[in-house]
Amino acid sequence: MAHKPQTPKRQSGVRHRDGAVQSPDASIAAVSQGRIGNWALLGGLALLTLLVVFLDVRTGNDLRVVPLLVVVPALASVYCSLRQTIWVAVWITTVVVGFRAGADGTFWDFVFGIGFAVLACALGVAACAARIRHATEMARLRSAAVTLQRQILRPLPVVTDHIFAYGLYEPIEEDRFVGGDIYEVVESPYGTRVIIGDVQGKGLAAIGAGFAAIAAFREAAIREPTLTGVVQALEDAVVRHNEFSAQTGEAERFVTALVLGFDEGGRVEAVNCGHLAPRLLHDGRTSAVTLHRTSVPLGLAGLSPEARTAESFDFPQGATLLVVTDGVTEARDATGAFYPLDERVVAWAGHGPRELLDALHGDLEEFSGGIRRDDVAALALHRAPAVTH
């Protein structure tokens with residue numbers, strides 16, 4: 001009698017380039033922190049003050065340089081925290097007032113000089129407070145969008161009667177760049193069904209289209225006896241979502257997707273809707289799976305006269321199937337070159353599914369320098385040998 005292996009431990013949270021899990025509260029708190037350390041700020045401010053004072057003494061009454069220090073709080077408001085900016089403003093005000101008190105001039109020269117210094121420093125502090133408030137609001141929106149993405153998608157890994165499904169998912173957290181990568185694994189009476197896809201465009205509208213596709217897949221994967229029936233249900237869902245979007249003034253979206261079906265046999269059924277082909281790793285070798293019947297993305301079936309059809313390929317026990325979104329293949333290095341996935345996977349042919357994704361994640365971060373403009377999603381689907389007793 002076969003036994004299902006114990007489900008691997010799940011990890012939740014957004015995985016960042018340092019491998020840690022950063023909470024939304026931490027990302028929001030980070031925007032109020034200064035980009036300059038306290039000691040570096042103190043040293044720079046002292047050096048600048050000494051330089052300006054030296055120039056003021058050298059020029060004498062012909063050219064007063066010290067009043068120019070009032071621009072420093074404005075510069076500090078861009079790079080420093082609110083507390084640091086207040087320190088800078090207080091220091092600059094003290095220096096300017098001290099030199100004004102010892103300078104020649106009328107009473108009104110003194111009053112206007114001091115008033116201008118205080119006003120300029122106060123504006124610098126106000127500008128810093130406004131910048132931090134705006135950045136905090138944007139960070140809350142980004143965190144809410146990313147949290148929404150992660151609530152839509154199932155935590156991985158997942159174990160079914162047919163496969164172990166491990167995953168790597170890193171959403172973009174930058175305003176309009178929030179993406180729409182999707183994936184799902186469903187165990188049904190007809191086998192295990194898997195989808196990985198990418199919604200056209202960015203932003204919350206892309207997340208909405210992705211949710212429509214995921215919700216339809218979860219229902220159709222259990223209801224429909226054929227994989228093409230599942231894909232047709234997805235097509236209908238995306239079309240309905242686009243019709244609703246058009247009524248509300250949103251742009252229509254399409255979804256590239258790869259839908260896979262696993263059963264007790266040694267083959268995988270696939271319907272490719274404009275998505276990247278999978279890579280097969282087995283016995284220390286890797287190969288790109290050739291799918292000859294790639295159709296149009298979901299939501300665009302009305303533009304193609306050909307109906308979507310399924311095809312199958314070998315997936316032996318112990319093999320791993322790697323499927324990714326274009327956030328992987330379209331990552332760029334400093335020279336603008338695309339990430340060479342097929343070349344890199346060769347070196348990982350002997351890895352297990354979890355180690356494969358760890359290697360992919362680390363290499364991708366190193367290749368791109370940690371700079372991404374799209375979501376990254378990858379699934380490592382492993383058919384393990386049956387365990388009997």
Side-chain angles (χ1 to χ4, degrees), residues 8-22 146 149-150 153-159 163-173 177 179-185 194-198 256-258 260 268 270 272 275-289 291 315 318-384:
K9 293 181 180 180
R10 294 176 176 176
Q11 295 179 346
S12 61
V14 179
R15 185 182 187 182
H16 290 265
R17 68 188 62 157
D18 57 2
V21 175
Q22 183 173 355
V146 172
Q149 280 180 300
R150 297 201 65 84
L153 301 176
R154 176 195 296 267
L156 294 174
V158 171
V159 173
I163 61 170
F164 301 168
Y166 296 83
L168 168 66
Y169 176 59
E170 289 197 337
I172 287 292
E173 301 182 41
F177 292 117
D181 283 9
I182 60 173
Y183 64 82
E184 183 57 287
V185 179
V194 177
I195 183 174
I196 185 168
D198 189 1
T256 65
L258 178 66
L260 304 170
V268 181
N272 190 359
H275 200 72
L276 300 169
R279 277 75 175 173
L280 182 67
L281 294 81
H282 183 55
D283 285 342
R285 298 188 300 271
T286 64
S287 60
V289 177
L291 298 176
F315 187 40
T320 297
L321 197 66
L322 176 66
V323 291
V324 302
T325 60
D326 60 9
V328 174
T329 57
E330 294 183 2
R332 295 174 181 263
D333 64 8
T335 66
F338 289 111
Y339 183 70
L341 177 62
D342 290 321
E343 296 178 12
R344 303 303 175 91
V345 169
V346 172
W348 310 324
H351 288 18
R354 190 190 299 275
E355 292 75 20
L356 170 64
L357 293 178
D358 288 342
L360 174 62
H361 173 258
D363 190 61
L364 190 64
E365 289 292 289
E366 181 179 355
F367 178 85
S368 64
I371 300 174
R372 294 181 289 109
R373 289 299 183 186
D374 201 358
D375 291 353
V376 169
L379 300 180
L381 309 171
H382 184 69
R383 188 191 290 279

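Because the structure is a prediction, the values reported are computed rather than measured.
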What heavy-atom pair brings [X] and [Y] nearest, and what distance separates the two atoms?
{"X": "W348", "Y": "L281", "answer": "O-CD2, 3.5 Å"}
{"X": "L364", "Y": "A331", "answer": "CD1-CB, 3.7 Å"}
{"X": "D375", "Y": "Y169", "answer": "OD2-OH, 4.1 Å"}
{"X": "V324", "Y": "H275", "answer": "O-NE2, 2.9 Å"}
{"X": "V328", "Y": "A377", "answer": "CG2-O, 4.2 Å"}
{"X": "L341", "Y": "T329", "answer": "CD2-CG2, 4.0 Å"}

Taking C-beta and beyond as the side chain, do [X] and [Y] meet within less than 4.5 Å on heavy atoms?
{"X": "V323", "Y": "Y183", "answer": "no"}
{"X": "E330", "Y": "Y339", "answer": "no"}
{"X": "V194", "Y": "L321", "answer": "no"}
{"X": "L322", "Y": "L357", "answer": "yes"}
{"X": "L276", "Y": "D198", "answer": "no"}

**Asked** To the nearest 0.5 Å, how far apart are CG in L381 and CD1 in I196?
**Response** 8.5 Å
**Geometric class of the F164/H382 ring pair [parallel <30°, tilted 30-60°, perpendicular >60°]** = tilted
